[in-house]
There are 2 protein chains.
Amino acid sequence: MAKRSHAHHQIQTSSPSESKRDILRSAQRVLAILELIARTPGGLTVRAVSKLLQLNISTCYHSLNTLLTAGYVERLPSGHYVLGPQIPYLNDAYLRTLTYDWPATDPQESWRAVARVPAHQPSLSQRLRPILHSLSERSQEPAYLAGWRYGEVELQAIVEPAHAERIPGIYIGYRGHAHAHALGKVLLAYSPPAFVEDYLARHTLIRLTQRTIVERTLLCEELHTIAHQGYSIDREELHADTACLAAPVRDAQGRVMAAIAISFRSDLLSRRGEWLTAQVLRAARQASAELRLSRPCEQC
Amino acid sequence: MAKRSHAHHQIQTSSPSESKRDILRSAQRVLAILELIARTPGGLTVRAVSKLLQLNISTCYHSLNTLLTAGYVERLPSGHYVLGPQIPYLNDAYLRTLTYDWPATDPQESWRAVARVPAHQPSLSQRLRPILHSLSERSQEPAYLAGWRYGEVELQAIVEPAHAERIPGIYIGYRGHAHAHALGKVLLAYSPPAFVEDYLARHTLIRLTQRTIVERTLLCEELHTIAHQGYSIDREELHADTACLAAPVRDAQGRVMAAIAISFRSDLLSRRGEWLTAQVLRAARQASAELRLSRPCEQC
DNA sequence: AGACAGTATTTCAAATAATGAAATTGCAAT
DNA sequence: ATTGCAATTTCATTATTTGAAATACTGTCT
């Protein structure tokens, strides 16, 4: 663990806060710059990056050149740097890895177990997309599919109707805040208690809106309710004005390994809540049936 | 331009092939590793990266640690590294930059001109998505929207029907091979000759299938035909078995600044070609009408 | 059960590449 | 033309990265 025992007479690190080991610092800086640019819609000039990250302008210049040459950023004629074409290219590759069915059986196991990449089976999201599509079509709201990935809830597919507004800040590959949305809550509700324990130990229940459940005991109660009623509701817990409904999808062995949801303006909940719930439950049942059809052969 | 005049007694660069200037080499290596991992579906171990890139295993170890800490890669329990959650996060940010209408008036100008980021107007793809949606719905084939970005044709929206197969290797943000697909050809066909000249000077007409147009004169003829008939056809020029139809979208000033297309199995071309063409032309006309409605106010 | 084989991780001094202050260049507005 | 501001370039200094080798780890085969 790189004890750094040999007492150099030099100052250990220029900025004492970052005492990470086994990290290439210049590379880390370059990645930090990339992230900063991603956070700034209009792009940033060399100088702006230098000021914001407290780095020498020369360093930023060289870092940006490196990113530019590799296509990770692009230089507008104004001198502003924005994200470049390499980003969607990498994302395409990332989505292709979703293409492989991950085992995701018992969440606790799958989290630690090898995510052994199976052969070129159609992915879960590919198989279930027609179901999401008709759910979205009928409800005229965006439909979502989520599953487990390394112990986190990951959004794996979105199907939007013609005039849709998906929840801002949500995208395919999004993980986290499982306590604050319907998909996460329903997946947790059907997980073994030991896994929920572990999940709660690893995460803080961050408050995102007034209604986010941030009390551990309240969340556990909520999970019990969900497991009992068979679906979950997010009443503006993730995003103000938006509500979600989610229901579990079971594999051939009956284990919950994914969830289907829709999102909609929260004021629709009182008027259309029951009907929407029925639609989501129906889609989830269809999905489970689809997975029951051709079980992935265990030993071939 | 870094003349490197001072004659060091050291060897200039360890690997003589990469003689890039103003580049941070360790950062460049880290980005190269990321790209390699993106190209490898099942992921790579430290050792594999080391062998493939001819780098010391220790270097790869540290580089991967850097990427891992920043979330660009993930370590499977097997020791294989795959792309991590930071990739879709950055992609989400990239797509948001598409959200801003880029000027893209005259391709040649817009390519060099400042892509001044306007206020939070709904993006082109947002405004035209309902049109793409109904095109996809009617034709039961994937629908596409493309526009100019820094002198390149960029795919900006895809709407897929329930049972769709988009062209493999195509994704939102994809640029390039404009000579080989219907969207690119139609956009080039309506560009000023000087810009086409410039485009051809900057690109090689790479052969992607047997039918790709790789002859400069043939392509120019094709562009003339397209401009005359008002739409373009890709007959397995980008991808075998797949055909595309594209038509131009005009802004309020009547300039072609985007294109709408659909893709389908090429054997449908003879049977349904005419009907599909009519659908695409109709969608493109609707799109132009939509843009005519609320012209972006020039000085507000 | 034990040894083996193949990897991953750690070590540490040498060698190199990154840094940062300052000079220079480029551009746009006056 | 002149000025002012920001982007590049320079180059010596210094910290960081590298790479060979030692060590720890993991799973497999006999």
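Keep in mind that the numbers below use all heavy atoms, side chains included, and drop hydrogens, waters and symmetry copies. Order of the sequence lines fixes the chain letters, A, B, ..., with proteins taken first and strands second; residue numbering starts at 1 for each chain.
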Validation row: A/Arg29, A/Leu53 side chains within 4.5 angstrom (heavy atoms): no

In Å and rounded to the nearest 0.5 Å, what is the CG to CG distance from A/Leu145 to A/Leu183? 8.0 Å

For the CD atom of B/Gln28 and the CG atom of A/Asn65, what is their distance to the nearest 0.5 Å? 10.5 Å

Taking the minimum atom-to-atom distance to the side chain of B/Thr59, which one of C/dA18, D/dT18, D/dA7 wins? D/dT18

Between protein and nucleic acid, restricted to nucleotides 23-30 of chain C and to nitrogen or oxygen atoms under 3.5 Å apart, what atom pairs and distances do you find?
none

Whole-Å gap separating C1' (D/dT18) and CD1 (B/Ile33): 13 Å

Any A/Arg29 side-chain nitrogen or oxygen under 4.0 Å from OP1 or OP2 of C/dA18: no

Nearest whole Å is fine: how far is C/dT19 C1' from A/Gln28 CD? 16 Å

Flag the pair B/Val30 / A/Leu24 as yes when at least one side-chain heavy-atom distance between them is below 4.5 Å, and no otherwise. yes

A/Asn56 has its side chain closest, among C/dT9, C/dA21, C/dA18, to C/dA21

Looking at D/dT10, D/dT18, D/dA7, which one has an atom nearest to any side-chain atom of B/His62? D/dT18

Whole-Å distance, A/Asp22 CG to C/dT9 P, equals 9 Å

In whole angstrom, give the distance that lies between atom CZ of A/Arg47 and atom C1' of C/dG20. 14 Å

Over how many whole Å does the gap from B/Ile57 atom CD1 to D/dT23 atom P extend? 17 Å

Rounded to whole Å, please give me the gap between CG in B/Leu64 and C1' in C/dT9. 13 Å

First locate atom OG1 of A/Thr40, then atom CD of A/Glu35, and finally report the distance between them rounded to the nearest 0.5 Å. 11.0 Å

One should read off an interatomic distance between A/Arg25 CZ and B/Ser26 OG, to the nearest 0.5 angstrom, of 11.5 Å

Interatomic distance where CG belongs to A/Leu24 and P belongs to C/dA18 [whole Å]: 10 Å

Hey, is the side chain of B/Thr45 poking within less than 4.0 Å of OP1 or OP2 on C/dT7, counting only N and O atoms? no

Could you work out, with side-chain contact (heavy atoms from CB on, under 4.5 Å) as the rule, every residue matching A/Arg175, not counting sequence neighbours? A/Tyr94, A/Arg149, A/Tyr150, A/Glu152, A/Glu154, B/Glu74, B/Pro85

Can you check the A/Leu53 CG to C/dG20 P distance for me, whole Å? 13 Å

To the side chain of A/Ser58, which of C/dA18, C/dA21, D/dA7 is closest? C/dA21

Tell me which of B/Asn65 and B/Lys51 sits closer to the 5' end of DNA chain C, going by the nucleotide each one is nearest to. B/Lys51

Would you say A/Arg75 reaches D/dT8's phosphate, i.e. side-chain N/O to OP1/OP2 under 4.0 Å? yes

